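Remarks on the structure that follows.
Chain naming here is simple, since letters A, B, ... match the order of the sequence lines and numbering starts at 1 in each. If you're wondering where the values come from, they're calculated on a predicted model, not measured in any experiment.
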2 protein chains.
Amino acid sequence: MFSSTVENYLKAILVHGEGSGGEVMPMGALAEALDVSPGTVTTMVKALAGQGLLAHRPREGVKLTKAGRAAAAAVLRKHRLVETFLVTTLKMDWAGVHEEAEALEHAVSDRVLERIDELLGHPTVDPHGDPIPSAKGEMAGPGGASSSRLTLASCELKTQWSVARIRDQTPAFLNFIRDTGLKPGARVRVTRRDPAGGVVCCEVKGAGEAVIGLGEAGNIEVRK
Amino acid sequence: MFSSTVENYLKAILVHGEGSGGEVMPMGALAEALDVSPGTVTTMVKALAGQGLLAHRPREGVKLTKAGRAAAAAVLRKHRLVETFLVTTLKMDWAGVHEEAEALEHAVSDRVLERIDELLGHPTVDPHGDPIPSAKGEMAGPGGASSSRLTLASCELKTQWSVARIRDQTPAFLNFIRDTGLKPGARVRVTRRDPAGGVVCCEVKGAGEAVIGLGEAGNIEVRK
DNA sequence: AAATCAATTTTGATTGATCAAAATAATGTG
DNA sequence: CACATTATTTTGATCAATCAAAATTGATTT
Ligand SMILES: [Mn+2]
Ligand SMILES: [Mn+2]
Ligand SMILES: [Mn+2]
Ligand SMILES: [Mn+2]
């Protein structure tokens with residue numbers, strides 16, 4: 001249906017909105033996200049707007065149309081289900097799965113995805129804790145409604161929390177997360193927080209003590 | 001490394017050789033296999049020859065070089081392992097897996113393939129009975145040495161045979177094969193063969209009687 | 001208001017992959 | 001051998017996706 005290139009454009013706009021409440025995405029941000037030149041984005045965006053997939057507000061940015069959002073959600077669903085599959089079924093190191101999924105999301109058919117979803121038992125979040133859009137394209141309120149976006153930098157001390165999502169998904173940080181056991185689902189209790197020294201200490205259920213920078217702690221969302 | 005297009009060219013030449021003992025593949029056959037125009041093939045072949053992936057004998061055809069064969073074997077390995085995975089792990093209908101694998105073979109990385117191979121227990125043939133090249137690119141003698149290429153049209157009567165490979169891999173024929181139970185691995189005994197009427201009757205272990213045309217029977221290879 | 005700056009758009013060009021149609025070469029037929 | 005047939009190659013063009021560099025625009029300073 002759509003080329004890999006088009007799918008990547010649409011998905012990038014959707015995930016941008018996920019982080020920053022559905023506003024228009026500036027052309028520069030899109031160019032950055034896709035690692036292409038600004039001029040390329042302008043050209044491409046005009047073509048996609050012509051196809052009714054997105055609205056171009058010149059000198060302002062882009063916004064997905066209904067059709068564009070549906071297509072983007074389908075790609076994002078593939079991406080996140082594939083990531084989950086790679087980690088759960090194929091036992092791959094989760095620091096690398098994003099890159100793999102970046103290619104597979106364009107090659108996995110709806111029929112194959114269907115089977116993967118089934119095999120995994122219809123998961124609702126991926127290994128990083130990001131929500132998996134439903135087959136109908138519904139996104140479980142990601143940046144918005146659900147939780148109040150607490151993190152290890154802001155949650156109450158000495159209470160049991162559950163790691164919900166890792167914001168910084170660079171391989172290096174993900175490896176650190178793996179090593180400390182602070183993966184989504186892990187139960188954690190912040191024992192001490194020192195804003196002056198910029199250090200957060202916590203107790204990870206089943207994985208012992210973990211010390212982490214305050215800024216980094218702000219990239220680990222918790223819940224409950 | 002190589003584009004999907006290049007991978008498809010190389011694989012097509014390799015599988016052609018599989019069927020017809022390693023000779024040069026005529027340009028027309030390649031155009032046919034890839035469903036592109038002859039002129040496109042000429043252009044592309046000259047480019048690939050320039051990259052040392054194949055040898056172009058003008059007005060004659062193409063032949064893979066060492067490097068080309070290695071690359072082609074890697075793609076074919078991906079294709080066949082993916083097919084096996086789709087059937088075995090994802091329980092997909094085997095009549096459709098070829099098409100799926102045609103796309104996935106270009107998106108599955110070596111690391112992912114590694115895990116799939118592991119998960120499947122290092123299979124040596126795909127669901128159609130075609131040999132899966134090894135990780136080093138070695139092809140288990142496909143059209144050649146191994147068996148004497150017996151089929152349901154030529155094997156001895158009243159003996160137990162094992163279905164080894166389905167030559168005609170069109171969805172329609174594969175569906176027929178599924179319905180009769182004559183899949184690779186099935187045990188079968190030819191009870192009657194009528195060359196005049198063009199009919200072959202056989203007894204499929206665990207799936208009852210099956211009647212099949214003589215020509216069609218020649219597309220079902222047996223062994224043992 | 002004028003000058004400056006950063007973001008965006010325009011312009012002109014390139015690359016990979018393709019096609020249709022014309023030109024050419026090899027092969028078979030009378 | 002001359003002609004017809006077929007396979008292959010050449011030619012000239014298109015399309016998607018991209019870039020670098022120049023032009024434009026809107027906003028921010030002075
Ligand atoms: Mn992608
Ligand atoms: Mn993810
Ligand atoms: Mn393919
Ligand atoms: Mn196969």
Side-chain angles (χ1 to χ4, degrees), chain A residues 1-14 16-17 19-20 23-64 67-68 71-72 75 102-103 105-107, chain B residues 1-14 16-17 19-20 23-64 67-68 71-72 75 102-103 105-107:
Chain A
M1 195 59 166
F2 302 113
S3 69
S4 299
T5 301
V6 169
E7 292 188 339
N8 283 334
Y9 273 77
L10 298 177
K11 179 171 61 101
I13 300 169
L14 182 66
H16 174 85
S20 39
E23 278 321 292
V24 298
M25 182 176 194
M27 307 302 266
L30 190 47
E32 175 79 13
L34 296 167
D35 195 34
V36 295
S37 77
T40 299
V41 166
T42 299
T43 308
M44 195 68 194
V45 156
K46 287 204 287 191
L48 296 187
Q51 298 210 10
L53 293 168
L54 42 81
H56 181 203
R57 318 271 266 309
R59 308 262 154 198
E60 246 262 74
V62 277
K63 203 160 133 17
L64 292 169
V75 179
E102 203 54 56
E105 65 192 357
H106 312 294
Chain B
M1 194 60 168
F2 301 113
S3 69
S4 299
T5 301
V6 169
E7 291 188 338
N8 283 334
Y9 273 76
L10 298 177
K11 179 171 63 102
I13 300 169
L14 182 65
H16 174 87
S20 40
E23 277 321 293
V24 297
M25 182 177 195
M27 306 300 267
L30 189 47
E32 175 79 13
L34 296 167
D35 195 34
V36 295
S37 77
T40 299
V41 166
T42 299
T43 308
M44 196 67 194
V45 156
K46 288 204 285 193
L48 297 186
Q51 297 198 208
L53 293 168
L54 43 80
H56 181 203
R57 317 270 267 306
R59 306 263 155 193
E60 248 259 76
V62 277
K63 204 162 135 15
L64 292 168
V75 179
E102 203 54 56
E105 66 192 355
H106 312 293

From the list A:Val75, A:Leu54, A:Val62, side-chain contact (heavy atoms from CB on, under 4.5 Å) with A:Leu10 holds only for A:Leu54
Numerically ordered, the residues 25-33 of chain A set in heavy-atom contact under 4.0 Å with DNA chain C is A:Pro26, A:Met27, A:Gly28
For B:Ala72 against B:Leu64, the heavy-atom pair lying closest together: CB-CD1, 4.1 Å
Under 4.0 angstrom between A:Ser3 side-chain N/O and D:dA17 OP1 or OP2: yes
If you round to the nearest 0.5 Å, how far is CG of A:Leu53 from OH of A:Tyr9? 13.0 Å
Contacts of type salt bridge (charged side-chain N to carboxylate O under 4.0 Å, His left out), residue B:Glu32, not counting sequence neighbours: none
Provide the closest heavy-atom pair for A:Val41 versus A:Ala31 in the form atom of the first, atom of the second, distance. CG2-CA, 3.5 Å
Partner set under side chain to side chain contact (heavy atoms under 4.5 Å, CB included) for B:Ser4, not counting sequence neighbours: B:His106
Out of curiosity, A:Leu30 CG to A:Met44 CE, how far, rounded to the nearest 0.5 Å? 10.0 Å
Side-chain N or O of A:Tyr9 closer than 4.0 Å to phosphate OP1/OP2 of D:dA16: no
Please list, chain by chain and in numerical order, all residues satisfying side chain to side chain donor-acceptor pair (under 3.5 Å) with A:Ser20, sequence neighbours excluded. A:His16
Check side chain to side chain contact (heavy atoms under 4.5 Å, CB included) between A:Ser37 and all other residues, then give those that pass, not counting sequence neighbours. A:Thr40
Neighbours of DNA chain C within residues 39-48 of chain A, by heavy-atom distance under 4.0 Å: A:Gly39, A:Thr42, A:Lys46
Side chain to side chain donor-acceptor pair (under 3.5 Å): which pairs involve residues 47-62 of chain A, sequence neighbours left out? none
Take the C1' atoms of the five end pairs on each side of the helix from C:dA1-D:dT30 to C:dG30-D:dC1, get both axes, and report the angle to 10 degrees. 10°
How close do A:Gly52 and A:Ala67 get, heavy atom to heavy atom, and via which atoms? O-CB, 4.1 Å
Side chain to side chain donor-acceptor pair (under 3.5 Å) partners of B:Ser3, counting only residues at least two apart: none
Which nucleotide of DNA chain C is the first, and which the last, in the 5' to 3' direction, to come under 4.0 Å of a heavy atom belonging to chain A? C:dA7 to C:dT10
Do you know which of A:Leu14, A:Asn8, A:Ile13 makes side-chain contact (heavy atoms from CB on, under 4.5 Å) with A:Lys11? A:Asn8
Can you pull out the residues from residues 51-62 of chain A that lie within a 4.0 Å heavy-atom distance of DNA chain C? A:His56, A:Pro58, A:Arg59
